[in-house]
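Single-structure report; data block below.
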Amino acid sequence: MQQWLGKSLKHKLSLLIIIATLVPLLFLGIFSFNMAKSLTEEKAKITGMNTLRQLEAYLDTMVKDVENISLFLIGHTGVQSYLKTEESNYVQQTTVINFLTNLAFSKDYIANIIVEPLGSKDPISHKSLVRSEFRNITEEIPDYYEHHPKWWSFVHRQWTFEGMRKVITLARPIRSTDKYKPIGNLQINLDQGVIANQFRQAVLEKTGFVLLLDENNRIIAGPPDMETNLTLADYYPSIEEFEGLSGNMDYGEGGNKKTILYKKMSSVNWKLVGIIPSEEYRSQNQYFIKLTAVAVTVAILLAIILVLFLIQKITNPLSVLTKFLKNSSPEEPLPALPVKTIDEVGQLIISYNRLSSRIVKLTDEVKLNESLKKEADMHALQVQINPHFLYNTLSSIHWLALMNQDVKIAEMVGSLSDFLRFSLNNGQEYCTIQQEIMHVRHYVNIQTIRYPEKFSFEVHVEETLHQHTMLKLLLQPLVENSMLHGILSRDGMGTITIQGRHGSEGIHFVVEDDGIGMTPDRLKWLQDQLVENPLQYEKGQTPGGSYGLRNVHKRLLLHYGKDAGLRVDSTEGAGTRVMFTIPDLTDIQQTEISSKGDDDLEGTDR
């Protein structure tokens, strides 16, 4: 190939121009395909959002109708009269039942209407109620209706004479119209099956589907294989939060990638979610791939034919020039070449005749320019941050905060300074257990200021272990993981505890929290990740907060051997325990720690 190119300028030009022509054609084909692919995805998203809007209009109409019925019922004279009387009145009861039946007769989405007195009288419903799993919000929040006029429940089961149904309940208190005192409660049950059937008919791109979520992201309606009252995260772990009133996001990678559309309802705190598998896009893109391949192939063939024809026309005069120069004697001065044309080749010959005497001068100029270029390329600066400058700056901020009597800022800056000083620590890998605990306390002090009254921190480490050595930065990532993924995700205040004791196998540590814990599947996945190839994981494949755990696990294995890895135990809703055991290396690293560790933890210029 190289010999074929070296013999002829025509060959070189032909190859170069063909390549220069083919590359843009290929890029054009790829660009066209990507544009078609983007348009396909955009079309699917627009169609999906239109479907969500149609479902939203359907649900809005239903919700507003039910809320209007509830407002009508709580002020109805017959309902008010029945609830105000102390004794049950069969005539009143029958009248109200007939009235409720008429209201719900033409509305297939109303499963039942229940009027429940506060006293000992029987509740009234237009369908006889056998049993219900409904639990009013006041059982958890007694004063809920003092701040909210109504409450939408999660999906629950209800048994009537017609059988069992899954329902969603609109509950609101009934107050007397004269004294505005509570006299009963009203429940309007929506048939979840009717809503689910409407959603199952709304198919997105053949295999896509639509979900209805409540305010806590629990499933209200969706495909038959997705259980109600489970959260969306149970099926799609680590899914991002929905931001704004509507939008879309991508979930997963490769063949499992999905496009997720969402729209929040303004009338009630529900969310409409559409999920479209990426396989749908692939099947639609096959047509565009074939069409693009045919178009690019035809364009390439035409380009090759045209290029060969043009090259032949261009190189013929050059071939004549080459033959003339080849036959000239090298011992004699180059003769002036005849100019037969005024095109580019003729101009080339004229320029050659004029510029022969300037070759030496141009060569010198090129050498000078090259030397100047090399000199310019050698100028580069690299700026390094002096850690002591950072410490002294933080110390100055610390004292300024104290002078301004801003204790919180002073405490936070002081903890941050000590935290950074220990993290850098002149490149040392080991520290005393007391220093590691102090490093964790600095981190906890900072987070306590960020999240006041959110968690408490306890340390139970045997005093005899304080001067023992350990690999640094092991406990702080575990405490951070407990706080971010356990404590901050739960309601109320939580507790993080560090325990340390000396055993026959070495020094045992336990980091425990009473946060939200992990599901069994999530715990099993994490334990498998720590066991299978713990030293060979790819970046970006550790979702959901496991990166810190795997990093600590890897460092333990590298420094202490295969028996020193993390052990994780967790109970959903109760908390998580992370444990590890390290050998006692006090005699090995004590000299290194005592020489520099204490100096690094003391405040520079503070």
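The figures here come from the full heavy-atom set of this structure, side chains too, leaving out hydrogens, waters and symmetry mates. The structure presented is a predicted model; accordingly, all values stated were derived computationally and were not measured.
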Worksheet, complete the sentence: d(Asn216 CG, Ile219 CD1) to nearest 0.5 Å is 13.0 Å

Practice prompt. Decide whether Thr495 and Ser456 meet the rule of one side-chain donor and one side-chain acceptor closer than 3.5 Å.
Written response: yes

Worksheet item: For atom CD of Glu453, is the number of surrounding heavy atoms from other residues, nucleotides or ligands below 6.0 Å larger than 12?
Response: no

Discussion item. Whether the Thr169 and Asn189 side chains hold a donor-acceptor pair (N or O, under 3.5 Å, no angle test) is what I'd like checked.
Written reply: yes

Discussion item. Please tell me whether Gln158 and His156 have a donor and an acceptor in their side chains that are separated by less than 3.5 angstrom.
Written reply: no

Worksheet item: Side chains of Arg165 and Gln192: is there a donor and an acceptor less than 3.5 Å apart?
Response: no

Fill in: Gln54-Tyr58 side chain donor-acceptor pair, cut-off 3.5 Å
no

Worksheet item: Could you give the distance from OG1 (Thr432) to CD (Gln435), rounded to the nearest 0.5 Å?
Response: 3.5 Å

Discussion item. Is a donor from one side chain sitting under 3.5 angstrom from an acceptor on the other, for Ser70 and Arg172?
Written reply: yes

Practice prompt. Carefully, step by step, assess Arg501 and Glu462 under the rule salt bridge (Lys or Arg N to Asp or Glu O under 4.0 Å).
Written response: CA-CA 6 Å; Arg501 62 181 179 83; Glu462 297 175 1; over 6 Å; no

Worksheet entry | Verdict with reasoning, Tyr235 to Asp225, per side-chain hydrogen bond (donor to acceptor under 3.5 Å, both in side chains) | CA-CA 11 Å; Tyr235 291 97; Asp225 58 342; over 6 Å; no

Discussion item. Applying salt bridge (Lys or Arg N to Asp or Glu O under 4.0 Å) to Asp513 and Arg577, what does each step give before you reach the verdict?
Written reply: CA-CA 7 Å; Asp513 66 79; Arg577 299 175 76 244; over 6 Å; no

Practice prompt. Take Lys64 and Asp60, measure what salt bridge (Lys or Arg N to Asp or Glu O under 4.0 Å) needs, and give me the verdict at the end.
Written response: CA-CA 6 Å; Lys64 290 178 181 178; Asp60 274 337; 5.4 Å; no

Worksheet item: Just checking, any donor-acceptor pair under 3.5 angstrom between side chains of Gln467 and Gln434?
Response: yes

Worksheet item: Does any donor atom in the side chain of Asn50 or Arg53 lie under 3.5 Å from an acceptor atom in the other side chain?
Response: yes

Practice prompt. Answer with yes or no whether the side chains of Thr231 and Asp234 bring together a donor and an acceptor at under 3.5 Å.
Written response: yes

Practice prompt. Can you spot which of Ile433, Val578, Leu478 makes a side-chain contact (heavy atoms from CB on, under 4.5 Å) with Phe509?
Written response: Ile433

Worksheet item: Going through the checks in order, is the salt bridge (Lys or Arg N to Asp or Glu O under 4.0 Å) test met by Glu436 and Lys472?
Response: CA-CA 6 Å; Glu436 179 74 5; Lys472 75 172 186 178; over 6 Å; no

